[in-house]
Amino acid sequence: GNSVTQMEGPVTLSEEAFLTINCTYTATGYPSLFWYVQYPGEGLQLLLKATKADDKGSNKGFEATYRKETTSFHLEKGSVQVSDSAVYFCALSDLKGGSEKLVFGKGTKLTVNP
Amino acid sequence: EAGVTQFPSHSVIEKGQTVTLRCDPISGHDNLYWYRRVMGKEIKFLLHFVKESKQDESGMPNNRFLAERTGGTYSTLKVQPAELEDSGVYFCASSPGRYSPLHFGNGTRLTVT
């Protein structure tokens, strides 16, 4: 079945450091790919998405490119801030069963120190 | 606009008891989803409502779980009887259309002791 593998955390960085969180997927067909973020005490929020190969999703300084050849969707940010501390989830859409449902990775906790 | 609301935010119950979780979606959102994250594992799909109908319940773990969405508004997820492995965070999400972005609630943290 479809699955998502993302790098294990936690990840701790200093402010202004470069961030990469790796995400690879296994899927039949061509799913849409997503990054969700969960800030402390809040629900999941869609951070960015890409719907086809070579698409780049971007938001709030974060970027991820849909790489079909490597089945990857790595999340990057050039300069992280303390406010980026959160749990990040990579996900793909699965249309099996007549419903578009999300298949998530395990999440990566990011802590950014001042 | 008010977001997706879930309550309670936390629930601690003993094994064998019953718990009911509630989700109020964003008004006008026909699609309502339940997901669950067991400690240290992936967030997993449980089921999907379109209005009051169950579109897909393939993720429901067993018949101790019962979800309802009477009138196509709020939804409840009942666990009866609860087992230790049911502990986790239960998320509800809603969307206006089938391929629209999901809006998630803050989740209900369920602890079964």
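Here is the naming used below: chain letters follow the sequence lines, and residue numbers restart at 1 for every chain. Predicted, not measured: the structure shown is a model, and the values here were computed from it.
Of the listed residues Q6(B), R37(B), K41(B), the one with more heavy-atom pairs under 4.5 angstrom with chain A than any other is R37(B).
Crowding of E16(A) atom CD: a count of heavy atoms from other residues, nucleotides or ligands under 6.0 Å not exceeding 12.
Note on D86(B) versus R64(B): salt bridge recorded, some NZ/NE/NH1/NH2 to OD/OE distance being below 4.0 Å.
Taking the centre and axis of the six-membered ring of F73(A), the NZ or CZ atom of R67(A) falls outside the cone set by 45° and 6.0 Å. Remark: K101(A) is positioned above the aromatic ring of F45(B), its terminal NZ or CZ atom under 6.0 angstrom from the ring centre and at most 45 degrees off the axis.
If you measure heavy-atom distances from F89(A) to chain B, the contacts under 4.5 Å come from the side chain alone. Heavy atoms closer than 4.5 Å to chain B are found in the side chain of Q38(A), but not in its backbone. Heavy atoms of L46(A) lying under 4.5 Å from chain B belong exclusively to its side chain.
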